[in-house]
Number of protein chains: 4
Amino acid sequence: MKLDKLNRIFNATLNLTGKVGIAGLKMSSIAKEASMATGTLYLYFKNKKELLNALYFKLQKESAPALISEINHLPIEIQLYKMWSLALKRLVENNLRIIFLEQFLISPYVSESSKEMDARFRNYLRDLLDKGKKENQIKDVDSNILISLIIGFLRNFSTYIFKDKEGELSEKSIDESFSLCWEAIKK
Amino acid sequence: MKLDKLNRIFNATLNLTGKVGIAGLKMSSIAKEASMATGTLYLYFKNKKELLNALYFKLQKESAPALISEINHLPIEIQLYKMWSLALKRLVENNLRIIFLEQFLISPYVSESSKEMDARFRNYLRDLLDKGKKENQIKDVDSNILISLIIGFLRNFSTYIFKDKEGELSEKSIDESFSLCWEAIKK
Amino acid sequence: MKLDKLNRIFNATLNLTGKVGIAGLKMSSIAKEASMATGTLYLYFKNKKELLNALYFKLQKESAPALISEINHLPIEIQLYKMWSLALKRLVENNLRIIFLEQFLISPYVSESSKEMDARFRNYLRDLLDKGKKENQIKDVDSNILISLIIGFLRNFSTYIFKDKEGELSEKSIDESFSLCWEAIKK
Amino acid sequence: MKLDKLNRIFNATLNLTGKVGIAGLKMSSIAKEASMATGTLYLYFKNKKELLNALYFKLQKESAPALISEINHLPIEIQLYKMWSLALKRLVENNLRIIFLEQFLISPYVSESSKEMDARFRNYLRDLLDKGKKENQIKDVDSNILISLIIGFLRNFSTYIFKDKEGELSEKSIDESFSLCWEAIKK
DNA sequence: GATGAATGAGGATTCATTCAT
DNA sequence: CATGAATGAATCCTCATTCAT
């Protein structure tokens, strides 16, 4: 019913963004990909801009927080490892989301309210790293650099797995990549 | 004259892509940003698709190779450091280029010939890392992971500097970020 | 419904060609003359070229053959007379079609397949005249000359009736013009 | 010099009209065909409309009147024969002119003054036929019909010679065609 | 005079949005 | 609710015209 249709619309939009980018998204293509009539899209969203913004918020909501709440009570290296492992898996699974999120933020469709960045995940990491510095486990280096290392590495590696390995992410890959990350940032 | 105009067109396109994304690019805006008439664009390019592809090729040609030829005779850690420093500076300076390159590759404007990715830079790194492994300086880890760490970190950190630090990249930032990277990948 | 709209488009195009020629045809004028939105034209035809070619084929199909099949069993003079009378009436009624057909064939819109001329009517006449020569009724003169006389006279006279007589074609005109034609070609 | 350039422009325009019709005429193509710069056209004509109208007047001036003045003192059948022969030769030689004249008259470029048709030739013929009727040589039939026969036959036959016989017009063709015409209209 | 690069108004085409069914 | 044909504003692109050289 209603929820099913919403999901079909969101999935169609994600898939198409992965193929043709935001510049190539047409309402008619989205409808076709979601197996419904173009007009139906307008029963669920006032216009294209709102559809895209709704998807953006949905993706934001689903990503970081879930991740965070699952692990924020563990010791730092473990917590980082869990975070790394979970994030990597999620990013590989959901690589289309990343493409959408990144393109969306510089498209003419961003509503003002969307601009409050994916700061949440960065903030979680910042807190975690500061705690780690106090406990003498993490290098005493500007947290922004550390965050860039972690997030940049995660994103780039996940895209590589998604594109070149067809999404096959082995435990060994997770461990090896985390080791590299950890050795870089640990004291 | 001719070259000057081409550059004005390319710069205008880059600037606008940074502001509105490929989805928001209009030929009329590009012309306005480049201080010329819309029709003039069509003296230089057959249509929008060809303009964007021409820019893509230009950016590809200018990026990696220059970087590589300047340093590929030095010892590995030094070479990596030079590469890091140069790449970081260039990425910060040219952050708009990255945005364009990334968006372009999943836009409806990519011509078939454009799809041969920016493999060059990855290849240079792969060679360098393999050499490093033989000389026992680099961890014996799948090069794809190492490459993701380096490139992902570089891109994410450069974007952070460009956006949040207004492009002010200190030597200290370069050194600190490289240290993190080096400690991660060195044996 | 669908057929009705196609006809409205075709009629609008014919009328406008009569007024402003193919050089003056605008998609927006055609739409206006056909009482629909410009975009609607593109639901039925990919572009201007295809619209004009479709009209050309339709007109070709409708013209000569119908004429021929109605009469090709009668004796020659009668057949020629019927042909003359029918053709003249049809040409007067459909003078706009002639204008369109003639202009179209040297416009930039002709698709390759359209170039196979209106040979059909000429061929019918050639057969008829050859039969007439065998039966000793028609002068033993190169058929191409006879055909030019018949077709040229028909076209020029019909245009005169259409333009200067507002399409009022009397039986007397038909008979008189046919007599002239018959006296010219009969043995 | 000046005259030479004007002629190059007029010839270029005629040739191109034969190829692409008035709908396909571009000022830039005319200039190219005439081996000069686009801007040069505007030294000789204020704009496209005036160029086309100038050509129209030139062609009108050159056709009928010359013809008429050469022969208007001879007896009727001879005069008609001369007219026929001269007109046919001229029409074959100058078939491109006919195409231009016919297309031009329903293009958006006709200036008001151009609309006073090629009435001159029709008028000359009308006078001639009326004289012939008085002298009992020509059938007592509405002159408009006779004129249509003559002009329609001339045009259609000349186009046939131009297109299918590559402009090779034999004396025999002239005589045979005139005989047909004469037998049709003589008493 | 001659040139042809540059201009921008105007026409072709696309596609977000509506609305009768 | 769902549909998809119809709409027309917005965008791409062309080409008559201008003007600096």
Side-chain angles (χ1 to χ4, degrees), chain A residues 1-2 5 23-32 34-52 108-109, chain B residues 1-2 4-5 8-9 23-32 34-51 108-109, chain C residues 1-2 4-5 8 23-32 34-52 108-109, chain D residues 1-2 5 23-32 34-52 108-109:
Chain A
M1 40 236 68
K2 197 145 187 172
K5 258 188 190 145
L25 275 183
K26 297 181 211 169
M27 290 301 267
S28 57
S29 324
I30 294 175
K32 203 175 171 189
S35 309
M36 61 184 67
T38 311
T40 309
L41 297 178
Y42 290 85
L43 298 177
Y44 294 88
F45 303 99
K46 214 180 85 202
N47 53 36
K48 191 175 180 180
K49 188 170 180 178
E50 301 223 336
L51 190 165
L52 295 181
Y109 298 113
Chain B
M1 34 239 82
K2 196 145 190 173
D4 169 52
K5 254 185 195 144
R8 271 157 60 203
I9 294 173
L25 276 183
K26 295 178 219 166
M27 291 301 267
S28 56
S29 325
I30 294 176
K32 202 172 170 191
S35 310
M36 60 182 70
T38 309
T40 307
L41 297 178
Y42 291 87
L43 296 178
Y44 294 87
F45 303 100
K46 217 179 85 205
N47 52 37
K48 193 174 177 181
K49 186 171 181 179
E50 301 223 336
L51 189 163
Y109 299 113
Chain C
M1 35 237 78
K2 197 146 190 171
D4 169 53
K5 260 193 187 135
R8 273 158 58 204
L25 277 183
K26 295 179 219 168
M27 292 300 267
S28 56
S29 324
I30 295 175
K32 203 173 171 190
S35 309
M36 61 184 67
T38 309
T40 309
L41 297 178
Y42 291 86
L43 295 179
Y44 294 88
F45 303 99
K46 218 179 82 201
N47 52 37
K48 193 175 178 181
K49 185 171 181 178
E50 301 223 336
L51 190 163
L52 295 181
Y109 298 113
Chain D
M1 39 236 72
K2 196 145 189 174
K5 258 188 190 142
L25 276 183
K26 295 181 211 167
M27 292 299 268
S28 58
S29 324
I30 295 175
K32 202 175 172 189
S35 309
M36 61 183 69
T38 311
T40 309
L41 297 178
Y42 290 84
L43 298 177
Y44 294 87
F45 302 100
K46 215 180 86 202
N47 53 37
K48 191 178 180 179
K49 189 171 180 178
E50 301 224 336
L51 189 164
L52 295 181
Y109 298 113

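A note on names: the letters A, B, ... follow the listed sequences, proteins ahead of strands, and every chain is numbered from 1.
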Checklist entry - Out of F:dG4, F:dA6, E:dT7, which nucleotide sits closest to the side chain of B:L43? => result E:dT7

Checklist entry - D:I30 and D:K48: side chain to side chain contact (heavy atoms under 4.5 Å, CB included), yes or no, with the steps? => result CA-CA 10 Å; D:I30 295 175; D:K48 191 178 180 179; 5.7 Å; no

Item to check | Least distance between heavy atoms, A:Y109 atom then A:L52 atom | outcome: CD1-CD1, 3.3 Å

Checklist entry - Under the side chain to side chain contact (heavy atoms under 4.5 Å, CB included) test, which residues partner C:K26, sequence neighbours left out? => result C:S28, C:S29

Checklist entry - Which heavy atom in A:E50 sits nearest to a heavy atom in A:N47, and how many Å separate them? => result N-OD1, 2.9 Å

Checklist entry - Nearest-Å distance, CD (D:E50) to P (F:dA16)? => result 15 Å

Checklist entry - Is the shortest side-chain N/O distance from B:K49 to OP1 or OP2 of F:dC12 below 4.0 Å? => result no

Next on the checklist: Can you measure A:M36 atom CE to F:dG4 atom P for me and round it to whole angstrom units?
Outcome noted: 12 Å

Item to check | Where DNA chain E forms stems, i.e. three or more consecutive Watson-Crick or G-U pairs with both distances under 3.5 Å | outcome: E:2-21 with F:2-21

Checklist entry - Judged by atom type as modelled, is there a donor-acceptor pair below 3.5 Å linking the side chain of D:K5 to the main-chain atoms of D:Y44? => result no

Checklist entry - Once you round it to whole Å, what is the distance between P of E:dT7 and CG of B:L41? => result 10 Å

Item to check | Worked check of side chain to side chain contact (heavy atoms under 4.5 Å, CB included) between C:M27 and C:L51 | outcome: CA-CA 10 Å; C:M27 292 300 267; C:L51 190 163; 4.0 Å; yes

Checklist entry - Does F:dA16 have OP1 or OP2 sitting under 4.0 Å from an N or O in the side chain of D:K46? => result no

Next on the checklist: If you compare every side-chain N and O of D:Y44 against the phosphate oxygens of E:dA2 (OP1, OP2), does one of them come in below 4.0 Å?
Outcome noted: yes

Next on the checklist: How many whole angstroms separate atom CZ of B:F45 from atom P of F:dC13?
Outcome noted: 13 Å

Report, one pair per line, the protein and nucleotides 9-12 of chain E atoms (nitrogen or oxygen only) whose separation is under 3.5 Å.
| from | atom 1 | to | atom 2 | distance (Å) |
| --- | --- | --- | --- | --- |
| E:dA12 | OP1 | C:K48 | NZ | 2.8 |
| E:dA12 | OP2 | C:M27 | N | 3.0 |

